[in-house]
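Nothing fancy with the numbering, it's 1 onward along the sequence. Indexing begins at 1, ligand by ligand and atom by atom, following the structure's order.
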Amino acid sequence: MEKILVIGAGGQLGTELTKALVNTYGSNAVIATDFQESARSKFDYCSFKVLNIMDKEAAASLIKEEQITQVYHLAAILSATGEKNPIQSWDMNMGGLLTVLELAREYNISKIFWPSSIAVFGPDSPKINTAQDAFKNPTTVYGISKLAGEHWCEYYFNKYGVDVRSLRYPGLIGYKSMAGGGTTDYAVDIFHKAVKEEAYTCFLQSDTYLPMMYMEDAVNATLQLMAAPASSIKIRSSYNLSGMSFSPQEIFECIKLQYPNFTINYKPDFRQQIADTWPKSIDDACAQKDWGWKAQFDISKMTSEILTKLPLYFNYTTK
Ligand code: SER
């Protein structure tokens, strides 16, 4: 039987991925963990434990006691928060991953999932349909840690045979939890403002195109990658993954079709400089070829689904 440990389960991705793992493997097969006790309330449907991945001994005893067979290591400090405290972010992002990789080797864990990001690309990478192997010169501590992490994943696979798999997620957009400290967070925040019938002040310029993905696609891509036979995983650093690309003005106009009184203004801050170094769109031909990936959501399908479900989920009073 599989026993799956999710690290950082209380975050934006973990909140939805943990649920999907329980739906796939059953509630007895999944242990959600987060460094914050407050995340416990999200997991009334499976077991929950407090775990700070910087505490290697605690992680090791949990893995041993629970006979963990798979780890989804999602805990990280994202791009915008990372710039405020670079060394702490590096320690957390790299330290956490290396702990997980080491424990995978020591305890023969059969599969590891670790998210990478479009942040591995930098100002000198091609911007349009950025390819899997495009030149990378990340300029954020988050991007640097993701690129280094990709190399470590490859190293552990080549040297120790650790079956570690990874995706370079675009900005993830879901309605079940808030985004946590990234440059693409505006694309989540804007929906909350719209359904609460408040004006939105965007921290990126109106024409800043970035690669984005609806959470359902991100969860499905992850499950699909992890279910694929090891022989079809040809890339052991991390796979480019593409959903959609849009600018703040485009998502605003899409929302406005259902909320005609919605207004936006633009006050770019330090996150603009980060966004300017990232691709505008991504080529995910390798993911399509190796394990059959295809995104299902475009901007309009995503927008209408979020605008329908978000107000009910958060109990907002609506029009
Ligand atoms: N969504 C992330 C961020 O903005 C990118 O991986 O930091």
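- For K301 and F297, the positive end sits near the middle of the six-membered ring, less than 6.0 Å away and at most 45° from its axis.
- Close approach to S79 involves these atoms of ligand 1, each under 4.0 Å from a residue heavy atom: 3 (C), 4 (O), 7 (O).
- Looking at heavy atoms from C-beta onward, M213 lies out of side-chain contact with M302 at the 4.5 angstrom threshold.
- Looking only at heavy atoms of the protein, atom 1 (N) of ligand 1 is closest to T184 OG1, 2.8 Å.
- For ligand 1 and T183, the ligand atoms under 4.0 Å from any heavy atom of the residue are 3 (C), 4 (O), 7 (O).
- At a heavy-atom cutoff of 4.0 Å, ligand 1 is contacted by the side chain of W278 but not by its backbone.
- Here is the list of ligand 1 atoms found below 4.0 Å of a heavy atom in S117: 5 (C), 6 (O).
- Below 30°, between 30° and 60°, or above 60°: for Y175 and Y214 the angle between ring planes is below 30°, a parallel geometry.
- Near Y142, meaning under 4.0 Å from any of its heavy atoms, are these atoms of ligand 1: 5 (C), 6 (O), 7 (O).
- In this structure, Y239 and W293 have side chains that are not in contact, with every pair of non-hydrogen atoms separated by 4.5 Å or more.
- Under a cutoff of 6.0 Å and an axis angle of 45°, K267 and F203 do not form a cation-pi pair.
- The L78 neighbourhood of ligand 1 comprises atoms 7 (O), with distances under 4.0 Å to a heavy atom of that residue.
- A cation-pi arrangement is not found for R165 relative to F113, the charged atom failing to lie both closer than 6.0 Å to the ring centre and inside a 45° cone about the ring normal.
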